[in-house]
Amino acid sequence: QVQLVESGGGLVQAGGSLRLACAASGRTFSYYAVGWFRQAPGKEREFVAAISRSGGRTNYENSVKGRFTISRDNAKNSVYLQMNSLKPEDTAVYYCAADEAYYTGNRLQEYDYWGQGTQVTVSS
């Protein structure tokens, strides 16, 4: 098993940046593909970005392409989401998730482990 803890959320003005971190403990983190998802009030949880266990493959939801970057440091058991040019519509609780696979992508139902989430609020 792996435990996940997100950090780095906060309040930022539109156009600003935040860097989210997902710290893992438990089983060797390099065994796991990781995804970032978000959930705004009254909406379903949606895919944001994903990265393979090695970091060699990534994918992004269309609305964040060119603004967000997912990366990982397996030596530090961490995955990051750099968010630039933030927009009010990016406001949500952001979750990281892990699946013991090479790459899981946007298949939310296949992720077995989830963090508690971190709030990101972008003001206009």
Side-chain angles (χ1 to χ4, degrees):
Q1 286 192 350
V2 65
Q3 293 78 43
L4 305 173
V5 178
E6 302 94 337
S7 62
L11 173 64
V12 64
Q13 289 188 335
S17 298
L18 284 173
R19 188 191 193 209
L20 305 185
C22 174
S25 60
R27 201 155 179 244
T28 304
F29 193 46
S30 60
Y31 291 173
Y32 295 86
V34 174
W36 283 98
F37 295 81
R38 65 187 179 187
Q39 188 166 18
K43 294 187 177 181
E44 293 186 352
R45 194 168 297 188
E46 65 175 7
F47 170 73
V48 176
I51 192 166
S52 61
R53 59 170 57 161
S54 67
R57 180 177 177 182
T58 60
N59 191 30
Y60 300 90
E61 194 270 330
N62 284 337
S63 69
V64 308
K65 283 181 181 177
R67 299 190 297 123
F68 291 10
T69 302
I70 189 171
S71 62
R72 68 188 297 162
D73 185 341
N74 285 338
K76 295 183 178 180
N77 292 333
S78 294
V79 170
Y80 307 98
L81 186 68
Q82 178 67 44
M83 306 187 297
N84 299 329
S85 303
L86 282 161
K87 304 176 182 180
E89 51 263 44
D90 295 318
T91 295
V93 177
Y94 282 71
Y95 300 89
C96 67
D99 177 34
E100 193 173 350
Y102 170 72
Y103 178 76
T104 303
N106 63 359
R107 302 187 297 275
L108 183 152
Q109 297 87 346
E110 295 187 21
Y111 286 92
D112 293 319
Y113 304 101
W114 292 81
Q116 83 289 348
T118 185
Q119 176 70 47
V120 171
T121 303
V122 184
S123 64
S124 58

Problem - Any side-chain heavy-atom pair of Gln39 and Tyr95 under 4.5 Å - result: yes
Exercise for the section: Please determine if Arg27 forms a cation-pi arrangement with Tyr113, meaning its NZ or CZ atom is less than 6.0 Å from the six-membered ring centre and no more than 45° off the ring axis. Expected result: no
Handout entry: Neighbour count >12 (heavy atoms, 6.0 Å) for atom CD, Gln116
Key = yes
Exercise for the section: Describe, in one word, how the ring planes of Phe37 and Tyr111 are oriented to each other, choosing from parallel (under 30°), tilted (30 to 60°) and perpendicular (over 60°). Expected result: perpendicular
Handout entry: Cluster check Trp114, Val5: I/L/V/M/F/W/Y, side chain < 4.5 angstrom
Key = no
Exercise for the section: Keeping the roles fixed (side chain from Gln82, backbone from Thr69), state whether a donor-acceptor pair exists under 3.5 Å. Expected result: no
Exercise for the section: May I ask you to test the Leu108-Phe47 pair for a side-chain heavy-atom distance under 4.5 Å? Expected result: no
Handout entry: Glu100 side chain near Tyr32 side chain, heavy-atom distance below 4.5 Å
Key = yes
Practice task
Treating Ile, Leu, Val, Met, Phe, Trp and Tyr as nodes and any side-chain heavy-atom pair under 4.5 angstrom as an edge, say whether Leu86 and Ile70 lie in one connected cluster.
Solution key: yes
Handout entry: Validation row: Gln13, Ser123 side chains within 4.5 angstrom (heavy atoms)
Key = yes
Problem - Side chains of Asp73 and Phe29 in contact at under 4.5 Å (non-hydrogen atoms) - result: no
Completion exercise
In short, salt bridge (Lys or Arg N to Asp or Glu O under 4.0 Å) pairs touching residues 59-68 with sequence neighbours left out are Arg67-Asp90
Practice task
Hydrophobic side-chain clustering at under 4.5 Å (ILVMFWY, transitive links): who's grouped with Tyr103? Put none if nobody.
Solution key: Tyr102
Exercise for the section: Could you pull out the closest heavy-atom pair between Leu20 and Met83, with the gap in Å? Expected result: CG-CE, 3.7 Å
Fill in the blank from the handout: Besides Tyr80, the hydrophobic cluster formed by Ile, Leu, Val, Met, Phe, Trp and Tyr side chains linked at under 4.5 Å, directly or via other members, contains none
